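Take a look at the structure set out below.
All values derive from a computational prediction rather than experimental measurement. Residue numbers start from 1 in every chain, and the chains themselves are labelled A, B, ... in the order their sequence lines are given, proteins ahead of strands.
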4 protein chains.
Amino acid sequence: MKRYNDNLMKIKVGIVGSTGYTGVVLVRLLLNHPNVEITYLSSEQFEGKDYSLAYPMFYETLDLKCKSVNPKEIAKCCDLVFLATPNDFSKEFIPKLLHYNDSLKIIDLSADLRLIEKIKASKHDYKITYGLSEIYRKEIKHSQIIANPGCYPTSVILALAPLIRNKLVNLNSIIIDSKSGTSGAGKQIKQELHFTEVNESFKPYALAGTHRHIEEIENELLKIVPKSSPKFNVVFSPHLLPINRGILSTIYADPRNTRLTQEDLDNLYKSFYKNEYFVKVFPSQFYPQTKNVRYSNFCHITPLLDQRTNKLILVSAIDNMVKGASGQAVQNMNIMYSFDEKSGLDNLGQLP
Amino acid sequence: MKRYNDNLMKIKVGIVGSTGYTGVVLVRLLLNHPNVEITYLSSEQFEGKDYSLAYPMFYETLDLKCKSVNPKEIAKCCDLVFLATPNDFSKEFIPKLLHYNDSLKIIDLSADLRLIEKIKASKHDYKITYGLSEIYRKEIKHSQIIANPGCYPTSVILALAPLIRNKLVNLNSIIIDSKSGTSGAGKQIKQELHFTEVNESFKPYALAGTHRHIEEIENELLKIVPKSSPKFNVVFSPHLLPINRGILSTIYADPRNTRLTQEDLDNLYKSFYKNEYFVKVFPSQFYPQTKNVRYSNFCHITPLLDQRTNKLILVSAIDNMVKGASGQAVQNMNIMYSFDEKSGLDNLGQLP
Amino acid sequence: MKRYNDNLMKIKVGIVGSTGYTGVVLVRLLLNHPNVEITYLSSEQFEGKDYSLAYPMFYETLDLKCKSVNPKEIAKCCDLVFLATPNDFSKEFIPKLLHYNDSLKIIDLSADLRLIEKIKASKHDYKITYGLSEIYRKEIKHSQIIANPGCYPTSVILALAPLIRNKLVNLNSIIIDSKSGTSGAGKQIKQELHFTEVNESFKPYALAGTHRHIEEIENELLKIVPKSSPKFNVVFSPHLLPINRGILSTIYADPRNTRLTQEDLDNLYKSFYKNEYFVKVFPSQFYPQTKNVRYSNFCHITPLLDQRTNKLILVSAIDNMVKGASGQAVQNMNIMYSFDEKSGLDNLGQLP
Amino acid sequence: MKRYNDNLMKIKVGIVGSTGYTGVVLVRLLLNHPNVEITYLSSEQFEGKDYSLAYPMFYETLDLKCKSVNPKEIAKCCDLVFLATPNDFSKEFIPKLLHYNDSLKIIDLSADLRLIEKIKASKHDYKITYGLSEIYRKEIKHSQIIANPGCYPTSVILALAPLIRNKLVNLNSIIIDSKSGTSGAGKQIKQELHFTEVNESFKPYALAGTHRHIEEIENELLKIVPKSSPKFNVVFSPHLLPINRGILSTIYADPRNTRLTQEDLDNLYKSFYKNEYFVKVFPSQFYPQTKNVRYSNFCHITPLLDQRTNKLILVSAIDNMVKGASGQAVQNMNIMYSFDEKSGLDNLGQLP
């Protein structure tokens, strides 16, 4: 990696799995990033073909071909690689990459690294950092390998972190009712993602503790508890929305302190996120809605106290493809290289 | 009301507010009802005009004109009147109707009568029956005035009734996370119901105990508790789905008995609703989804026990315009006149 | 086939391909049909399983199992069979059915028979009738084998027939701009029918004479020309709408007579379809829209004369799954058996 | 207007009608524009309130208040004003602005100026330039007042210009079948734009020469004809799509030269737009679709020759809010000030 003066510094970046949904969003974000040169786009399906064959929107704008998924080639021509690949791929692939370039930085958008602490490659153990930018910024800054968080966990952990870090919530009372658009399920075709099946409908799936994100949520929430705490379980109910983008989580929990007020809550959240550009805390009369974060890297949160029942209600919204995947991955890259954390992420959202 | 032999009996029915959304669904259902003759359609907006001007779908099929909202005329030419009117109308209007015809049967689809027990008209007190058909069938059969339930309450009470009636649930632990399509908000134009605002978005509204249906839900759940119980409060969080029709409620509660099993739950629900045509209890591997009840009078329910957290999770789905409004109103009419309870309601739903 | 008195007559009906989209719509329509007993549902994918496993909406309502696609079994237990199968299946399958039951009536919803006049089975030639009910009612009444029309052709031919039959249009000037919902493409999963791809987008496909329906349209329009006419070609441009159901065709043509007026047009269309329940001709101030025919067997048509350009503009709307497929198939069955042509098809549409 | 060195030059910009849909898109685009300082946002509805009250997405990001629609104030503190106002407003308002600042540049996004050549203010006649950037770049560069084109006309004229400029098309044969998303109708609430009415439906409107954009289309096409030509009329059929953003026009016309080939067409279009960044000509196997231009300033065009009928078919797609309104307005501002024409418009679109 060459070093220029700071605002001219360009790193060479590769994307493995560049024609999937998280891949194409990475391409979009990185094309507008002042410090990035895309040097490698791999795709099994489009190997050897113009990238714009996969996405005609790039026709005559992005003049890159898709290459094979060759770890040696990738390791050689990149400073950093994003793995936008299906689950169960990167665990095998990362050691190969590191074999050819042991200082290669890697941001893995799949679930493979999220529940482990280290990965072994060429006899070394490489530490893995969980890339929830706002919570682990310091660790990310000095990390080589990032496990980029899942979309549901991002929306949930950012909403609960202020309460859990301050021991204000009964950990065994947490109920998470999440609703996600369809792009979170990826580009792969499935009967239940056929337009005619999803459109004009709404449904829950993987209820009662059966969703694969639940362990990630519980592990990460536990890490936020200030003192050591016994493991605890949460209720997590994902639902499928007939929209392309967006996750909205409505979270319920019991306060440990019955004298907590709405004002306390507002102050706590405002203070916890006061230096965070991408997390906005709304006053109790405004609620997040997915359209207000659509295409942006923002997380909108409203913390509420239901006085009639003394329940805490947290509502958070993110774009599952941006803050929930590719945007947060770019944010983590920015942190790792001390770029402006907002670089490439200046889209405020798109209305109407 | 003339009496013919049973399957030829026809009653004269009027619809006040016939060009709103619940009104047009009533018209659709009653046109196919073998025991009904529609004798009066009133509409302020379309008074004096063909009904098909409001809904061109009826052009050359339904040859009726919209009339004025005249209580004397209506009372004279109807055996039963459906009030598909905005809130705060029927409380004033019903005494006028009863003044002209004190045996007129009335099914009020607005919220006006749901929280009161009696209405005074011409010095008489008329008893009001809450028209949740499956729970109050006997009372409905002998009632003159029905308060037709709200859409959210219907989806919630049917899901919780088996547990509450059998004292299996901690009443103070109930959390209701409901999601509704837009037709539930009616035909009236509002900024927040503009297509461009709703489409491709999802949001909560009226959180933390501020929705007007919450009192109806709490009152009615309390009535189901077998012995007298102190009042209790529930958490109720409504959300707006970018679909026309359907409510799905995901409900959380703590069991009172920690040894309750999934099998117990299944048996309880199957048994509670074993004679109910319009309520289907699904086994735990199938979840309700709104498309499966779309345009039908069915309520689909799956009761679940989350063993990791020992929480009860109930999922219910209805079409908010049918079982949540006009369909249940017709069902109540069928009960009142001892018609086949399914008459006019034989639509199984519409797929794909 | 047993004969009872007329309104009790029940025929035995089988559906091959019963779990596809046209299959499930047939099941829905036939379940409410007074003269039909469903005796055979075949499905490759769900063979041996409850039909409600494919469509949970039928859980505890329809107690039928899917059987294998066995021509001998089917031929034996049915008076009439609907083939709701993919293209290139029925041409091979029909001779097998006729081998086992040479008086079996067959309505084929695939494209296989639409461009041929006869099919050979057991040394016999069986005549095929094109099942556009309003145009070929007499022939259908005495036919054994029906080629049920395609969805696009139905919307186009019904709109053009009055003009072409009366030689009022320049045949070489016809331009058809059609827009269809996604259910027309069937249940099979494809990348371009993934929810995330279709939703919030709109696109043309198969332009410039490449769509497989174009030959059907041209053949059938030619048959309507009163005297023998040379073959002619039409422009046909299909587009994909992000909705489940509905086709709207906007058709342009030059009148042969420059003195044709809007009033002439209105009279021509009203007169041509005056006895047709399922075809409604709108006056020029009302245009068809897909929601007004959704879930119904109606075709709405508005004929217009653009006086500034002297172009004829015809707009027609149907539900592609009903009048464009399964509904018209049931209508044809009703004609073949002299049942009430509306039986099973009394759904007026669904609003809102 | 102060002048700095070129890439630091900042102009002061006001937006009248800043809380409507074209207004908010202007705000979004200008916030990311390196040469613009927003100095005035006016809004009748939100006068005196934070801009983020109208659009919570800007909460804590854009710290501006909405001001009154005061021509004196606006004229004083702006170099350029965008009028994102309803029709019939700017014709009266522009003379007031020019009265206070006779060198103020104005880009009017309403239809008020599109059919006139001059506007009188303080005894002067101010020339109006039609702001179709690719066609009138030279004139725009030296203009003070721009009539920004309508969304439908932009999609139509860009598609037809190469043929008309080269006299390759029979002018009296043009048929335009356009389909638009709902944001084109603005933010104002209307019954026919209620979510429940638009969703899951599709319809034509203002057929047979009755749409207000038709005169703009005909005037502007006539101006493109190389030699003087008699006026001609086109068929224009707008339709409403159940999507927020995007216009797709399918245009039919007869070639004047029957020996024109697909290759000629491809070459003509490629050549005509070879220097245009925002217009992409696709080869005949790729068709435009609205999702590929969503949120971008691009226009995608595929010219086709239907050899069976010898008809020309042109398909064009734009985002009605960007190239069809606010984006093209910013492009025109860039041209007027010799900024990089792409400044503020670097969004390539948003997938998935």
Side-chain angles (χ1 to χ4, degrees), chain A residues 172-175 177 179-181 194-210 214 218 232-237 239-248 250 252 254 262 284 287-292 294 302 304-313 315 317 351-352, chain B residues 172-175 177 179-181 194-210 214 218 232-237 239-248 250 252 254 262 284 287-292 294 302 304-313 315 317 351-352:
Chain A
N172 285 299
S173 72
I174 297 171
I175 293 174
D177 194 289
K179 302 89 177 173
S180 173
H194 188 293
F195 180 82
T196 320
E197 302 289 326
V198 174
N199 182 44
E200 276 298 284
S201 193
F202 178 71
K203 65 168 188 180
Y205 62 102
L207 296 177
T210 59
I214 205 164
E218 289 176 349
F232 60 93
N233 292 122
V234 300
V235 176
F236 175 59
S237 305
H239 300 72
L240 186 68
L241 285 168
I243 65 175
N244 281 9
R245 287 188 174 214
I247 284 180
L248 189 133
T250 315
Y252 305 91
D254 294 331
Q262 180 67 44
S284 61
Y287 305 148
Q289 42 187 310
T290 61
K291 76 173 168 184
N292 286 329
R294 193 162 55 194
T302 303
L304 292 163
L305 179 68
D306 181 357
Q307 290 178 322
R308 301 167 71 259
T309 58
N310 202 37
K311 278 275 177 189
L312 293 162
I313 305 175
V315 185
L351 289 175
Chain B
N172 285 299
S173 72
I174 297 171
I175 294 174
D177 193 289
K179 302 88 176 173
S180 173
H194 189 293
F195 180 83
T196 320
E197 303 289 326
V198 174
N199 182 41
E200 275 299 281
S201 194
F202 178 71
K203 65 168 189 181
Y205 62 102
L207 297 177
T210 59
I214 206 164
E218 290 176 348
F232 60 92
N233 292 121
V234 300
V235 176
F236 175 59
S237 305
H239 299 72
L240 186 68
L241 286 168
I243 64 174
N244 281 9
R245 288 190 174 214
I247 284 180
L248 189 134
T250 317
Y252 306 92
D254 294 330
Q262 180 67 45
S284 61
Y287 306 147
Q289 42 188 309
T290 61
K291 75 172 168 184
N292 286 328
R294 193 161 57 195
T302 304
L304 291 163
L305 179 68
D306 182 357
Q307 291 178 321
R308 302 167 70 259
T309 58
N310 201 37
K311 279 276 178 189
L312 294 162
I313 306 176
V315 185
L351 290 175

Side chain, backbone, both or neither of [X] within contact of chain B (heavy atoms, under 4.5 Å):
| X | result |
| --- | --- |
| I175(A) | side chain |
| I214(A) | side chain |
| Q307(A) | neither |
| D254(A) | neither |
| E218(A) | side chain |

Do you know which of T250(A), N310(A), D306(A), L312(A) makes side-chain contact (heavy atoms from CB on, under 4.5 Å) with V235(B)?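 Only match with V235(B) under side-chain contact (heavy atoms from CB on, under 4.5 Å): D306(A).
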Return the set of residues passing side-chain hydrogen bond (donor to acceptor under 3.5 Å, both in side chains) with Q289(A) (not counting sequence neighbours), or none when no residue passes.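 If we apply the side-chain hydrogen bond (donor to acceptor under 3.5 Å, both in side chains) test to Q289(A), skipping adjacent residues, there are no hits.
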Tell me, please, which residues at least two apart from T302(B) pass side-chain hydrogen bond (donor to acceptor under 3.5 Å, both in side chains).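 For T302(B), no residue satisfies side-chain hydrogen bond (donor to acceptor under 3.5 Å, both in side chains) once neighbours in sequence are set aside.
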Of the backbone (N, CA, C, O) and the side chain (C-beta and beyond), which part of L207(B) lies under 4.5 Å from a heavy atom of chain A, both, or neither? both
Taking all heavy atoms of [X] and all of [Y], pick out the closest pair and write down the distance.
| X | Y | answer |
| --- | --- | --- |
| P288(B) | P204(A) | O-CD, 3.2 Å |
| T196(B) | P352(A) | CG2-CB, 3.6 Å |
| S201(A) | I243(B) | N-CG2, 3.9 Å |
| S237(A) | I313(B) | OG-CD1, 4.4 Å |
| N233(A) | R308(B) | ND2-NH2, 2.9 Å |

What is the distance from atom NZ of K179(B) to atom CG of L248(A), rounded to the nearest 0.5 Å?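 It comes to 10.5 Å.
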First locate atom NZ of K311(B), then atom CD1 of I174(A), and finally report the distance between them rounded to the nearest 0.5 Å. 11.0 Å
CA sep, side-chain torsions, deciding dist, call: E200(B), R245(A), salt bridge (Lys or Arg N to Asp or Glu O under 4.0 Å): CA-CA 8 Å; E200(B) 275 299 281; R245(A) 287 188 174 214; over 6 Å; no
Can you tell which of N172(B), T309(B), N199(B), L304(B) has the highest number of heavy-atom pairs within less than 4.5 Å of chain A?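 That would be T309(B).
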Geometric class of the F202(B)/F202(A) ring pair [parallel <30°, tilted 30-60°, perpendicular >60°]: parallel
Sort out for me which of L351(A), L240(A), N244(A) touches chain B most, counting heavy-atom pairs under 4.5 Å. N244(A)
